[in-house]
Trainee: 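Structure in structure tokens, see below.
Since the structure is predicted, the reported quantities are computational estimates derived from the model, not experimental observations. Chain A is the first sequence line, chain B the second, and so forth, proteins listed ahead of strands; every chain is numbered from 1. Scope of the values below: all heavy atoms of this structure, side chains included, with no hydrogens, waters or symmetry mates.
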Amino acid sequence: MSRKVRAMVAAARDGDPVAFEGLVNRYRKPVCALVYALIDDFHLAQDVAQDAFLVAHRRVSTIRDPGSFPTWLFRIAHRHAVNCVRDRERRTRLLGRAIRHRYTSREIREGCAGFEPGQVEKGEHREAVREALSVLKGEWATALVLRYYEGFSCREIGDVLEIDERNVRVRLHRGREAMRRQLVKSVRGVEKHEVRGRRTSSG
Amino acid sequence: MRCEDVERLLDDRADGLLSEEDARSLEEHLRSCGDCREAKAAFATVGADVRSMVDALPVRPEFTLEVMVGVRGDEVRSRRRGLAFIGAGLLAAAAAALLLAAFLRTPVTVRVVGTEGGLLRLAPGAARWRALGGGSRLEPGAWVLTFPDRRARFDLAGTGLLIEGDVLAGIAPERIDLLHGRILVEAGERPCRVVAPFGGVEVARATVAVTLRYGREPVFRVGPEGEPTRVRSLLTLASVSLPDGYADIHLPAGHVEITALKGEAAWWAGERRGRLRAGETIRIGPEPAEPATVAEDLGDWITRPLGPVSETDMMLVEAVDPLEVMIEGLADSSPLTRRDSADRLGRLCGGARAVAAVADRLVVEEDALVVRALLDALRRLDAGERSGAVKEYLSDARPEVRETALRCWLDLRGREGIPEVGRMIDDPERDLRLLALRGLRALADPAARPWAEKALEDPDPAVVSEALRLLQALDR
């Protein structure tokens with residue numbers, strides 16, 4: 001955790017909204033990633049992540065050691081996500097269902113893909129987004145995000161996910177395996193594509 | 001050292017938990033074992049991949065802004081809580097008194113009885129609110145999204161705004177702004193007028209995103225952004241991808257940006273009109289007027305104090321007879337309005353004028369949904385004297401219309417209508433034949449016997465068994 005983040009936490013604790021905004025900017029992506037890994041709906045995941053930030057803001061004054069902010073924040077987000085999965089049925093019954101009633105999920109997805117022109121205009125970037133959304137799913141992804149994006153130790157990951165260290169190691173192991181398999185798959189995909197390209201050009 | 005231990009030891013080393021001795025033997029093992037060296041390299045790749053994937057996540061650009069608006073709302077609420085009101089009882093009493101005062105000072109009572117789908121913003125300062133029908137609790141200043149196919153009833157008559165049916169919750173506002181969609185209004189003592197929308201967008205085989213802005217800050221967006229799943233701070237409303245339809249946009253100030261995402265859309269604002277091709281954006285709307293009159297951002301809305309309802313605050317209020325509004329609605333060019341008007345007349349009204357209007361419209365109406373709403377309205381109005389208008393729909397080409405007509409006929413005519421119901425036993429739709437037989441059974445009149453006996457020859461076993469049941473009932 002950098003000194004800058006530590007200073008921002010201390011300022012946010014004293015009620016500085018600009019500092020808190022800085023923290024939201026710093027942590028929004030990993031928090032969204034953590035939540036998304038469990039919820040598997042990126043729009044909903046963002047809403048849950050926002051809720052988590054709001055809860056964090058309400059309680060930030062209680063933090064004693066600014067250094068503990070990241071684990072504390074991710075723990076809140078993780079609990080929110082778990083609760084969300086539990087009562088998802090009830091949550092989506094409201095607006096979500098009404099909308100699904102009128103629009104197919106494909107329409108909604110396609111609409112989303114086109115909506116952030118600044119972010120997805122390049123094909124390469126779109127591919128990266130697609131890959132990120134398809135890979136970062138499942139319990140093991142939570143452990144990988146905390147490990148590699150935030151540099152948490154196994155003990156800290158266990159604290160956030162409320163599991164013991166042995167389980168953390170198991171999840172990390174599975175996560176790495178899954179990522180490697182994914183990598184092999186995409187490399188094969190590229191090779192296939194190249195082979196097909198060569199055949200087309202030679203034929 | 002065994003290869004299986006390497007992953008654990010690498011994790012320990014990263015956590016700074018490895019003893020010097022273990023670190024040395026790990027290094028030695030890595031030097032001698034090619035597989036483990038590869039595994040270690042793969043660890044590093046995984047780390048880089050995870051980081052780039054998290055960075056690539058398409059977190060929406062307004063994410064932080066939305067959180068900060070929520071934060072600000074929290075602050076305002078906690079400041080309010082810290083005011084003179086101590087204890088929940090006192091607070092409730094004070095709120096009730098304020099509400100009463102607001103009501104007494106303002107004789108305007110407005111009932112908003114339906115919408116055609118759209119977005120309402122309930123202004124802050126609500127003294128009380130309650131959730132109905134399992135919906136989430138709305139907070140003051142919340143947004144309500146309504147849908148054309150969901151019934152809503154908004155009732156502002158003094159006690160608060162209740163939104164019934166499938167919609168979300170209720171709230172007692174001091175003002176209500178209609179930001180998008182159309183709203184149907186009737187008035188109490190003072191008649192009222194719906195203020196015309198400021199502008200709109202017509203969409204045929206296109207998808208548009210509409211971003212509304214108040215002042216400089218984007219307030220909300222209607223567009224295919226995904227599912228709005230949270231009610232509490234619906235700042236980013238989404239998924240109005242309008243494959244075929246229109247959106248009316250009401251703007252007291254600020255401006256709106258409409259972006260065509262795919263296909264071609266038409267827009268209008270006052271006298272101006274135009275078309276938008278995919279990827280194009282048009283910005284329309286009055287610019288913010290005076291900073292004093294235009295809320296610059298949501299925070300200003302939240303901090304508005306609870307005051308009496310005034311005509312300037314109500315976007316909706318002015319003059320006309322509410323029954324007239326609904327009767328006029330029956331002849332509206334939009335079938336949605338016609339359907340809603342029929343529905344409201346059936347549910348909320350009575351009397352010869354309402355019956356005559358519905359029955360007259362039924363004669364000329366072509367849209368199946370509207371016809372059904374009109375038939376339902378006649379049934380609710382108990383308009384037996386105008387049942388002649390229903391009769392011809394019993395032989396309509398559209399089965400769903402025949403079904404509604406049959407239900408209406410059974411209710412209005414009772415035993416006198418048995419011959420017409422009996423003739424439905426020849427209907428091509430099995431469900432309608434069944435419905436007719438059930439209707440006859442409910443009437444339990446011996447005059448139904450010939451029809452029951454005829455139905456015994458029906459090719460469908462369900463119909464035959466229903467006919468038998470009818471005969472048994474008649475024998476009893």
Trainee: If you check every heavy atom in residues 167-176 of chain A against those of chain B, which residues fall under 4.5 Å?
Mentor: A:R169, A:L172, A:H173, A:R176

Trainee: Any idea which heavy atoms bring A:R28 and B:V59 closest together, and the distance?
Mentor: CD-CG1, 4.3 Å

Trainee: Quick one, B:V50 and A:M179 - any side-chain contact, counting heavy atoms below 4.5 Å?
Mentor: yes

Trainee: Provide the closest heavy-atom pair for B:R51 versus A:Y148 in the form atom of the first, atom of the second, distance.
Mentor: NH1-O, 3.0 Å

Trainee: Which atoms form the tightest heavy-atom contact between B:L57 and A:A33, and what is the distance?
Mentor: CD1-CB, 3.5 Å

Trainee: Locate the shortest heavy-atom distance separating B:D15 from A:C154; write the atom from each residue and the value.
Mentor: OD2-N, 2.9 Å

Trainee: So for atom CZ, which belongs to A:R155, do other residues, nucleotides or ligands contribute more than 12 heavy atoms lying within a distance under 6.0 Å?
Mentor: no

Trainee: Please check if the number of heavy atoms outside A:D14 that lie under 6.0 Å from its CG is greater than 12.
Mentor: yes

Trainee: Look at atom CD of A:E165 and say whether more than 12 heavy atoms of other residues, nucleotides or ligands are closer to it than 6.0 Å.
Mentor: yes

Trainee: Measure distances from A:A49 to the heavy atoms of chain B and classify the residue's part below 4.5 Å as side chain, backbone, both or neither.
Mentor: both

Trainee: Using non-hydrogen atoms only, which part of A:F42 is less than 4.5 Å away from chain B: side chain, backbone, both, or neither?
Mentor: side chain

Trainee: Counting only heavy atoms from other residues, nucleotides and ligands, does the tally under 6.0 Å from CZ of B:R37 exceed 12?
Mentor: yes

Trainee: Can you give me the closest heavy-atom contact between B:A14 and A:R147, atom names plus distance?
Mentor: CB-NH2, 3.3 Å

Trainee: Does A:K29 reach the main-chain N or O of B:V54 with its side chain, forming a donor-acceptor pair under 3.5 Å?
Mentor: no

